[in-house]
Every structure is written in C-alpha cells, then in structure tokens.
Amino acid sequence: MSLDISEITPYNFSVVEKKWQKFWREKKSFKTCIDASKPKCFVLEMFMYPSGKVHIGHVRNYTIGDIIARYKLANGFAVLHPVGWDAFGLPAENAALKNGRHPKEWTYQNIQTMKKQIESLGFSYDWEREFATCDEKYYAYQQKIFLELYKKGLIYRKKSEVNWDPIDQCVLANEQVIDGKGWRSGAIVEKKMLSQWFLKITDFADELLSEINHLDGWPEKVRTMQKNWIGKSEGCLITFKSSIGEYIEVFSTRPDTIFGATFLAISPGHPLAQKLSKTNSTIKSFLESIKIGSTSTEQIEKQEKIGIDTGITVDHPFLNKKLPVFIANFVLMDYGTGAIFSTPAHDERDYEFATKYNLPIIQVVKSNDNFPEKLPYSGDGILENSEFLNGLSVTEAKNKSIDKLCEMGIGQRKVFFKLRDWGISRQRYWGCPIPIIHCEKCGIVPLHENNLPILLPEDVSFDKTGNPLDHHPTWKHVNCPICNSEALRETDTLDTFVDSSWYFLRFCANNPENIELLDSKSIKQWMPVDQYIGGVEHAILHLLYARFFTKALAECGFTNVREPFKNLFTQGMVCNNTYKSKNGDWLFPSQVRKTEDGTYELIDTGEKVTVGRSEKMSKSKKNVVDPDEIISTYGTDALRLFVVSDTPPERDFPWSDEGLEGSWRFINRLWRLFVFAQANGVCSEKCKDVIDYENLSDNIQQLYKIYHVSIKNITLALEDRAMNKVVAYIRELVNCIYMNLENIQNNSSVFSVIIRDLIKMLAPISPHISEEVWNILGFNGLVSENPWPKYDEKYTIVETINLPIQVNGKLRGTIDICIDEKEENIFEKALALQTVQNAIANRVIRKKVFVKGKIINFVV
RNA sequence: GCCCGUGUGGCGGAAUGGUAGACGCUACAGACUUAAAAUCUGUUGUCCUUUCGGGCGUGGGGGUUCGAGUCCCUCCACGGGCACCA
C-alpha cells in the first residue's frame with residue numbers, strides 16, 4: 001500500500017485537543033497515585049496569582065513542569081503534581097475600588113477564567129487537590145498555625161519603624177522594598193512607627209545559611225543571593241571607655257586592625273548622639289541638617305560622608321592614646337551597635353572620612369607580596385605596627401585580638417546578620433485575619449483553637465482610605481475571652497507571603513477533605529518537593545520565607561522536614577521585541593510591519609517606528625501575545641512545543657511568530673508521518689521488541705540504530721532538563737524517518753516499534769496529538785500510562801566512523817574506517833590522502849597522534 | 001564599588017580537550033502545480049578559487065597542549081543581584 005504523504009488531510013488540532021482534555025478531566029487520568037511501592041516524585045510549579053488572565057510566562061513555566069511530571073510518571077514514579085491559587089492580595093482590593101466589585105467575587109471569577117485557560121493547555125494536574133489560599137478552610141488552618149507559632153514564641157509584636165507604602169497604604173517587609181520602592185506599587189517607601197507582628201526568622205538565620213550549602217539541586221545564583229541576604233558577619237563587640245565616663249560599644253569584623261584605629265564613629269541615631277544634641281546646639285543643628293533630604297534609600301547611598309567631632313574621646317584599649325568620637329552619617333543605627341571604631345588605612349569608608357577631616361591614617365596590615373599597597377587596603381596580609389599582633393596573619397590576628405579583649409573584659413565574640421525579622425502585618429482587608437484580641441485589661445489575647453476560624457466579613461466597604469476591617473461597624477468589637485470585657489479584634493491581616501509559605505504542605509494531604517490539613521503521614525510521604533519550578537524573581541522573598549516556615553513548622557511538630565525544595569529550577573522570562581512611535585508611545589507588534597529596507601513602520605500611516613530591545617513581555621510595553629489566540633490558531637501542542645524549543649529553559653526566551661509557526665509545521669509533519677505509518681501497517685500488534693537485526697537491510701539497520709541513539713539522547717537531555725535539546729533530537733529522528741520512508745514502509749514491524757516510541761517521547765511535550773495517534777494505532781491505554789522507552793546500548797555503539805585526519809592540528813581530510821581497524825592500516829589510509837600529502841609537503845613526520853575513534857594528527 | 005552569570009553565523013542555539021555551527025528560524029533554489037499556498041528535496045559563517053582545494057573564523061590579548069569554543073592568566077562588553085552591613 002502506498003500513500004502520498006503530501007496528500008494527507010491536515011491535522012485537526014482543535015477537535016483532538018478538546019477531546020483529550022475532556023477525557024483526562026472526566027476520567028481523572030492524572031489523579032495522584034498513592035502507591036507506597038513506587039518511588040515518589042513531587043513536581044510543583046510556583047502557584048499562580050489569579051490576576052485575570054494567563055500569560056505566556058505562565059505557559060512556559062507550567063509546560064516545563066508538566067514535561068517533568070509526565071516524564072516521571074512514564075518512568076514509574078508515583079507523581080504528585082498539584083495546582084492551586086495564591087489568591088489573597090492587594091490587586092483584588094484595588095479592583096474592588098476601581099470597579100466596585102467585591103474582592104472575593106473578583107478573585108473567584110478570575111480563578112474560574114484562568115482555570116479554563118489552564119485546562120486548555122492540557123497539563124497533567126490532579127485537580128482534586130486544587131485550592132485557593134482565600135478558601136476559608138485554608139486560611140482557617142493558617143490561623144491555627146499562627147497560634148502554634150505564637151505559643152512557640154516565634155511570633156511577637158513590636159512597635160518599630162516600618163516601610164510604609166503610601167500608595168498601597170500598607171506596610172512592606174524589607175524583602176518587599178526594592179531600590180527604595182514598593183515591590184508592587186513602585187511608590188517611594190516612607191518610614192513610619194507602627195505596632196507590628198513579626199515572625200522570628202532571625203532565630204533560624206544560622207540554619208537558613210548553613211543549609212544553603214546542602215541545596216545542591218538549586219541554581220548557584222539563587223544560593224548566593226540568599227547567602228548575601230542573610231549576610232552573616234562574625235566579629236567582636238568592644239567596649240570603649242569615654243572621657244565623659246560613658247561606655248561606647250562598637251562592633252567590628254576586623255578587630256585585628258585595632259592598632260590602626262584613629263577615631264570612633266557613631267550613628268546620628270545613636271543614643272549618645274541624641275543625648276548630646278540636647279545640650280550641644282552645634283550637634284543639634286548638625287543632626288537636623290543631615291535629616292533633610294534623607295527620605296529615600298537611594299539618596300542616602302549617594303550622600304557624601306559628613307560628620308561632626310563630639311569633643312568626646314575614648315581610651316584605646318591597648319595604647320596610651322585617646323581617640324576622638326565623631327557623629328558620622330555613614331554609620332547605620334540598625335546594624336551592629338550603631339557605633340564603629342575606624343581604621344582608615346584598611347576601610348574605604350573610614351579612609352574617605354579620615355581624608356576629609358584630616359584624621360591620622362596608620363597602616364597595620366601589609367600584603368604578602370612586597371608591592372606597596374594602595375590605601376585603603378582591605379585584603380589579606382601580615383600585621384605590623386601592632387605590638388603583640390605583629391607578624392600574624394589577618395585570621396590569626398583576629399582571633400588573638402578577640403581573645404585578648406575578652407580577657408580584659410571589654411570584648412565579646414559576636415555574630416551579626418543582615419537578615420531582619422519578617423514583618424507580617426498588613427493593614428488590608430483581603431488577607432488572612434490574625435486570630436488575636438486586644439483587651440485593655442488582659443493585653444494581647446491569642447484566641448483559642450476552638451474559637452477559630454476568624455472569617456472575613458463580607459459586608460465591607462472600600463469607600464474610605466485605610467483598612468476596611470478597621471471601619472467595619474461591628475466586626476472588630478468582641479468580648480475578651482479571658483475577662484469578658486469589651487475588647488477589639490486585631491484588624492491587620494497577614495502578608496500574602498505567609499499563605500505561600502506552606503501551600504506545598506497542604507498539597508500533600510492525601511485526603512483533602514480531612515480537617516487535619518497538615519497530615520504528617522501524607523507530608524512524610526510526599527515532602528520534600530522533588531522539583532520546584534518558578535521564576536528567579538522569587539529567589540529571596542518566597543523561597544526564603546518558605547524555607548523558614550518549613551523549619552518553624554517542624555519546630556512546632558507539624559512536619560518532619562526542614563527543607564521544602566530539594567531541586568529548584570528557575571526558568572527564564574519570555575521576551576519580545578518592543579516598538580515605539582515617534583512620540584514615544586509603545587506600540588503593539590501587530591501595529592507594526594517591516595519595510596523592504598529593513599526598517600519598521602506603522603501599518604496604518606507608514607510612520608517610522610523605533611525598534612527597542614527585546615524585553616520581558618508586559619502589558620505596559622504592549623509586547624504581549626495572548627495564549628488563547630495562539631491556542632485557537634495553532635493549538636496547544638504547537639504552543640507547548642514552541643516554548644521549550646530552541647532556547648534552554650533557564651534562559652530568557654525570545655518570542656517569535658515565525659518560530660511558533662515552525663513548531664506548528666512540525667506538529668503537522670508528525671501528523672502526516674503518523675497517518676502514513678498507519679496506512680503502511682503500523683499498529684500495536686506489529687510491535688515486537690525482538691527484532692531480527694542481522695537480517696534487516698542496511699538502511700533499516702542504520703535507522704534502527706539512530707532510533708536507539710535518539711532514545712538515549714532524549715532521555716539524557718530530559719534528565720538534564722534540557723528541553724531544547726529534547727526537541728532537537730526528536731526532530732532529528734523524525735527527519736531520519738522521513739529520509740528513509742521508502743525503505744521503512746516495507747518493514748512494518750520495525751516501523752511500528754520506532755513510531756510507538758516516538759509517540760511516547762513526544763507525549764510529555766505535546767500530549768494531545770500523542771494521545772490521539774496512540775489511540776488510532778491501537779496501543780493500550782493512555783500513552784502517559786505507558787513506560788518510557790528503553791534503548792539497547794549495543795545499538796548505540798558506533799561501528800564505522802568518518803575519522804578526521806589532521807596535520808599539525810589542522811583538518812586535512814577524513815577517512816571512513818571500521819572502529820576496530822588496526823592502527824597501522826588507518827595511518828596508511830590517512831597518508832594516502834592527497835590533501836594530507838600536500839600538507840606534509842615532504843617534511844619529516846615527527847609525531848603521529850592516534851586517539852581511537854576520535855582523531856589522527858600528524859605533527860611535522 | 002563588591003558578588004554572580006553570559007559572550008559561538010543574519011537570528012535562537014548545539015558541541016565528554018578531538019571534523020565548530022547539531023536542531024530550528026530567516027533567506028535562496030529545485031520538484032509538484034495552469035498558478036499560488038501547502039508539501040517534499042537541496043543550499044545558507046566568511047574570503048580566495050571554474051573545479052580540486054585553500055586562507056580566516058567561537059568578545060580582545062597571552063599561555064598550556066599533538067590539538068582549545070572548551071583548561072589557565074589578563075583585559076573588554078553585556079545582563080542580573082547586593083550596595084555606606086563596620
């Protein structure tokens with residue numbers, strides 16, 4: 001039977017894709033398999049904020065996750081691959097303000113829309129475990145967790161200076177302030193004193209830091225970022241006695257340089273500075289002058305170093321010498337003790353300050369090489385001018401100086417962290433209520449577990465600024481559970497990052513109806529997450545909080561894991577070209593066309609258009625594409641294939657309409673191949689795994705070997721998560737089959753085996769077409785339920801190769817040889833090449849290099 | 001300033017120290033077609049050469065090696081993170 005492959009009816013993706021999505025949904029094909037005899041694999045993509053519509057970035061993120069989940073399933077793992085919604089948060093309230101819709105309604109409506117979109121992408125989720133963090137059941141349990149953490153002393157309330165976002169009217173955590181601006185609103189953050197709830201993340205600073213070293217399944221970049229954020233520094237607290245009798249405590253990581261100290265500097269916020277300003281008008285006006293213009297963090301950083309001599313001196317601990325005390329603007333109050341001793345010779349900031357105020361600079365560390373150092377010098381070296389420290393290395397001197405200071409009773413070893421406790425209060429409605437009562441008599445009263453949940457009132461109004469919970473007429477008025485007198489509910493809600501700090505534990509619950517949401521047996525079965533996938537923008541915020549929360553919950557006995565994510569994969573952003581009109585407005589790519597001379601113009605008017613660089617797709621830059629539109633034009637399979645083609649998944653992905661069309665063409669090329677195969681007798685019954693290899697024709701033998709090599713390459717690439725290579729190898733195999741169509745169509749058993757495994761390997765990426773042809777060709781069950789193909793190493797061994805021949809390291813030709821051919825024969829053949837002879841040009845061969853199966857090189 | 005990361009055709013990117021450019025996009029050509037589209041088959045780093053073949057090529061410079069995109073030193077460019085953290 002023969003069939004012209006070009007005549008085959010085009011693939012009707014929209015019917016096929018809908019058909020299988022319906023089938024998977026109705027048959028619950030991807031319900032989690034709770035089989036203890038199988039190795040488990042928890043595949044999780046960072047869950048979605050229901051902002052309204054799915055964008056291409058989501059598609060890429062979830063496609064990568066889905067490929068891994070489906071691949072693991074085919075490899076015999078019990079896979080947990082859940083889906084959910086990070087549903088509390090400000091945008092819901094902003095939408096409420098803007099168009100008068102209730103945040104709850106807005107959120108659940110968005111979830112519904114986006115769920116439909118997600119389903120149209122054919123992901124292998126266990127939908128039975130789906131939940132949203134704004135579901136009453138979820139946040140009720142979160143309140144229980146809050147109370148447990150409170151009991152454990154991991155939550156406390158403190159009045160402190162906080163980051164206040166004037167647009168969102170809300171407090172932000174340090175992690176949520178980026179370049180002095182709110183991470184969401186972009187408003188310049190102000191400082192404000194407020195009573196706030198804090199989580200004691202600093203209790204875990206050491207563990208959070210040291211465990212990073214064991215997270216070898218994480219990108220190095222993210223590990224470094226977390227280390228820097230935690231910012232551990234080891235050093236010494238030193239007490240100096242001042243001329244007015246008071247003691248000043250400073251922190252230093254370089255106590256070895258104490259003999260080079262020439263002054264002390266204290267922060268303008270230091271208690272001593274504050275005290276002096278009350279009696280000394282010069283100091284007072286100095287402190288006032290530096291306050292001006294110091295509202296934003298950015299400005300502070302660029303400020304010139306200035307200070308004022310207090311007239312006070314302190315005694316040097318080892319020398320009979322007085323050091324002046326300055327108030328200096330570059331000393332921060334909220335790090336260390338707010339006071340430092342300054343060694344200008346070995347610290348850049350001290351050097352700058354000392355130069356400006358003509359303070360002495362004494363070098364006490366000499367670098368190991370003999371070049372004179374350019375000061376300030378902060379590198380390693382040998383101590384000098386330092387009495388008992390002379391001749392020691394920096395490390396030795398650090399220890400010895402600290403020991404000595406301790407002995408004298410004025411020193412103390414000390415570790416400081418940059419990491420601050422996590423402020424979790426938010427003055428907003430759409431979040432998890434904090435289960436606390438404020439009573440005038442009894443103070444802070446945590447609710448009893450039996451009084452949970454505290455549900456959000458639905459009848460709220462957003463017409464006043466500030467927190468709607470606070471203006472609600474009745475909600476906050478309660479009686480104190482202890483003394484029964486009138487009391488007030490806490491009206492702050494929890495930061496949404498709390499919601500996302502334990503959702504993965506909730507996904508573990510094998511019985512989601514169970515009130516005991518943190519079921520330790522289920523958690524033990526599934527945690528940690530074997531593969532977590534998400535954007536690198538969460539490197540610090542979410543990933544650090546989630547690590548901390550997991551540890552805190554373990555501490556409270558909820559779980560047995562201390563690290564939530566074993567392997568982390570951070571995918572790149574989807575980027576697209578940007579276009580701007582003459583007057584600087586962004587333009588949609590659809591408004592622009594390329595002209596013959598390679599420039600771009602507006603389709604409507606022909607006006608010239610500036611092409612910007614490729615940037616992350618965003619609505620504001622108008623360089624977005626709509627997944628729904630693409631799915632209806634090219635199909636989900638083509639889209640899924642495209643977003644993992646060409647570019648390694650960890651890198652930014654350049655969108656191109658041509659590339660997408662190429663993927664669509666490939667899906668059709670596959671379809672034609674499958675239909676052709678069916679017409680030529682390919683079917684389930686013809687698949688025999690024992691092939692009479694020796695009696696195959698040369699062409700078929702070659703194809704059969706390529707097929708084994710393909711399985712090997714594709715499998716290894718998938719293990720490496722190099723989806724772009726997976727696609728390349730699949731295309732290579734398909735190209736080879738196409739080239740051998742005439743030969744292979746007469747051998748339906750080999751053809752069947754190759755087609756069967758091609759479908760299996762395609763299935764994780766483009767599952768719909770795979771499922772369809774699997775069904776058409778009569779294979780058993782679903783392709784996703786079938787095991788991953790295996791390759792036989794013996795067919796991947798190369799027997800004959802095209803051996804490159806070099807002369808002096810330059811390629812001069814190749815010879816076809818059998819891999820086991822004798823060395824002397826190979827040399828003979830190589831030397832017989834005219835090109836090799838020309839290159840040797842009668843010179844003497846000084847050396848012959850032969851690497852079996854690799855190369856020959858003649859050195860002349 | 002400090003710490004990471006990345007530099008390969010017109011573009012996205014392949015390449016255990018061993019034939020640089022797999023696979024794709026773009027472009028061009030041929031076949032099919034009345035024609036176009038689609039499809040199938042080629043070509044596509046660059047320069048010299050009718051051919052055979054040869055020169056130059058992985059950001060720049062140096063080094064190790066029979067042999068370097070890959071290893072070492074150094075410089076440059078771009079991207080990201082942190083940034084008076086004592």
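If you're wondering where the values come from, they're calculated on a predicted model, not measured in any experiment. Numbers restart at 1 for each chain; the letters A, B, ... are given by sequence-line order, proteins then strands.
On the C1' atoms, B:rA20 is 25 Å away from B:rU74, given to the nearest whole Å. Between the C1' atoms of B:rG17 and B:rU64, the separation comes to 12 Å (whole Å). Distance noted for atom P between B:rU6 and B:rG57: 25 Å (whole Å). The separation of B:rG61 from B:rC48, taken at their C1' atoms, amounts to 28 Å, rounded to a whole angstrom. For the P atoms, the distance linking B:rU70 with B:rG18 amounts to 12 Å, nearest Å. Using C1' as the reference atom, B:rA35 and B:rC25 are 28 Å apart when rounded to the nearest Å. To the nearest whole angstrom, the two C1' atoms, one in B:rG54 and one in B:rU39, are 39 Å apart. Using P as the reference atom, B:rC11 and B:rC82 are 32 Å apart when rounded to the nearest Å.
Across all strands shown, the partner of B:rC25 is B:rG10, judged by Watson-Crick or G-U wobble contacts whose two distances both fall under 3.5 Å. Across all strands shown, B:rA38 remains unpaired; no Watson-Crick or G-U wobble contact has both distances below 3.5 Å. Nucleotide B:rC2 has B:rG81 as its partner under the Watson-Crick or G-U criteria, with both atom distances under 3.5 Å. Nucleotide B:rU33 forms no Watson-Crick or G-U wobble pair with any nucleotide shown, as no partner meets the under 3.5 Å limit on both distances.
As judged by a 4.0 angstrom heavy-atom cut-off over every strand, A:Thr835 is placed among residues touching the sugar-phosphate backbone only. Among the atoms of the strands shown, only primed sugar atoms or phosphate atoms (P, OP1, OP2) are found under 4.0 Å from some heavy atom of A:Val859. Nucleic acid contact class of A:Ser645 (heavy atoms, under 4.0 Å, all strands): none. Residue-level contact check: A:Val331 touches the bases, meaning some heavy atom is under 4.0 Å from a base atom. Among the protein residues, A:Lys848 comes within range of no part of the nucleic acid, since none of its heavy atoms lies under 4.0 Å from any strand. A:Lys854 comes within 4.0 angstrom of a nucleotide base, judged by non-hydrogen atoms across all strands. Note on A:Arg223: nothing from the nucleic acid sits closer than 4.0 angstrom, heavy atoms only. Residue A:Pro648 is in sugar-phosphate contact alone, with no base atom involved, counting any heavy-atom pair closer than 4.0 Å across all strands shown.
Side-chain atoms of A:Arg672 lie closest to B:rC40 of the nucleotides B:rC40, B:rG54, B:rC84. The side chain of A:Asn802 approaches B:rU19 more closely than any other nucleotide in the set B:rA86, B:rU19, B:rG55. Among the nucleotides B:rU39, B:rC84, B:rU19, the one closest to any side-chain atom of A:Lys305 is B:rC84. Comparing atom distances between the A:Phe330 side chain and each of B:rU16, B:rG54, B:rC84 picks out B:rC84 as nearest. Comparing B:rG81, B:rG80, B:rG7 by their closest approach to the side chain of A:Met225 singles out B:rG81. Side chain of A:Lys847, nearest nucleotide from B:rG81, B:rC66, B:rC40: B:rC66. Closest to the side chain of A:Met739, from the set B:rG42, B:rC40, B:rA86, is B:rG42.
Base orientation at B:rG9 is syn, since its O4'-C1' glycosidic dihedral falls within 90° of 0.
The phosphate of B:rG13 has OP1 or OP2 within less than 4.0 Å of a side-chain N or O from A:Arg651. Between A:Lys810 and B:rC56 there is a side-chain polar atom (N or O) within less than 4.0 angstrom of OP1 or OP2. Phosphate contact (OP1/OP2 of B:rC52, side-chain N/O of A:Arg812, threshold under 4.0 Å): absent.
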For nucleotides 20-32 of chain B, read 5' to 3', which letter fits each nucleotide if B means a protein heavy atom sits under 4.0 Å from the base, S means only the sugar-phosphate is that close, and - means neither?
--BSSSS------

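Protein atom CG of A:Leu716 is 15 Å distant from nucleotide atom C1' of B:rA15, rounded to whole Å. In this structure, CG of A:Asn577 is placed 13 Å from P of B:rC11, rounded to the nearest angstrom. The NZ atom of A:Lys398 sits 12 Å away from the C1' atom of B:rA86 (whole-angstrom rounding). Remark: P of B:rG81 and NZ of A:Lys418 are 14 Å apart, rounded to the nearest angstrom. Atom C1' of nucleotide B:rU41 and atom CG of A:Leu741 are separated by 13 Å, given to the nearest angstrom. Going from atom CD of A:Glu615 over to atom C1' of B:rG80 covers 14 Å, rounded to whole Å. Whole-Å rounding puts the A:Asn857 CG to B:rC66 P distance at 10 Å. The nearest whole Å value for the distance from the CD1 atom in A:Ile540 to the P atom in B:rC3 is 18 Å.
The residue among A:Pro654 and A:Met333 whose nearest nucleotide of RNA chain B is located toward the 5' end is A:Pro654.
Using a 4.0 Å cut-off between a side-chain N of Lys or Arg and a carboxylate O of Asp or Glu, A:Asp216 and A:Arg223 do not qualify as a salt bridge. At a threshold of 4.0 Å, the pair A:Lys705-A:Glu799 counts as salt-bridged, since one of the basic side-chain nitrogens sits closer than that to a carboxylate oxygen.
Here the shortest heavy-atom pairing between A:Ala273 and A:Ile327 reads CB-CD1, 3.7 Å. Minimum heavy-atom separation, A:Gln571 to A:Ile64: CB-CD1, 3.6 Å.
Note that A:Lys848 lies in the cation-pi zone of A:Phe827, set by a 6.0 Å cut-off to the ring centre and a 45° limit from the axis. Stacking of A:Arg721 on the aromatic ring of A:Phe569 is not recorded, the 6.0 Å distance cut-off and the 45° axial limit not both being met.
Taking A:Glu823 as the reference, nothing meets the side-chain hydrogen bond (donor to acceptor under 3.5 Å, both in side chains) condition, with sequence neighbours excluded.
Two rings, from A:Phe263 and A:Phe341, have their centers 6.0 Å or more apart.
Ring orientation note: the planes of A:Phe642 and A:Phe653 are nearly perpendicular, at an angle over 60° on the 30°/60° scale.
With hydrogens and angles ignored, the 3.5 Å screen pairs no side-chain donor or acceptor of A:Arg672 with any backbone N or O of A:Pro10.
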Trace of the side-chain hydrogen bond (donor to acceptor under 3.5 Å, both in side chains) decision for A:Asn724 with A:Arg651:
CA-CA 11 Å; A:Asn724 59 320; A:Arg651 281 201 221 167; over 6 Å; no

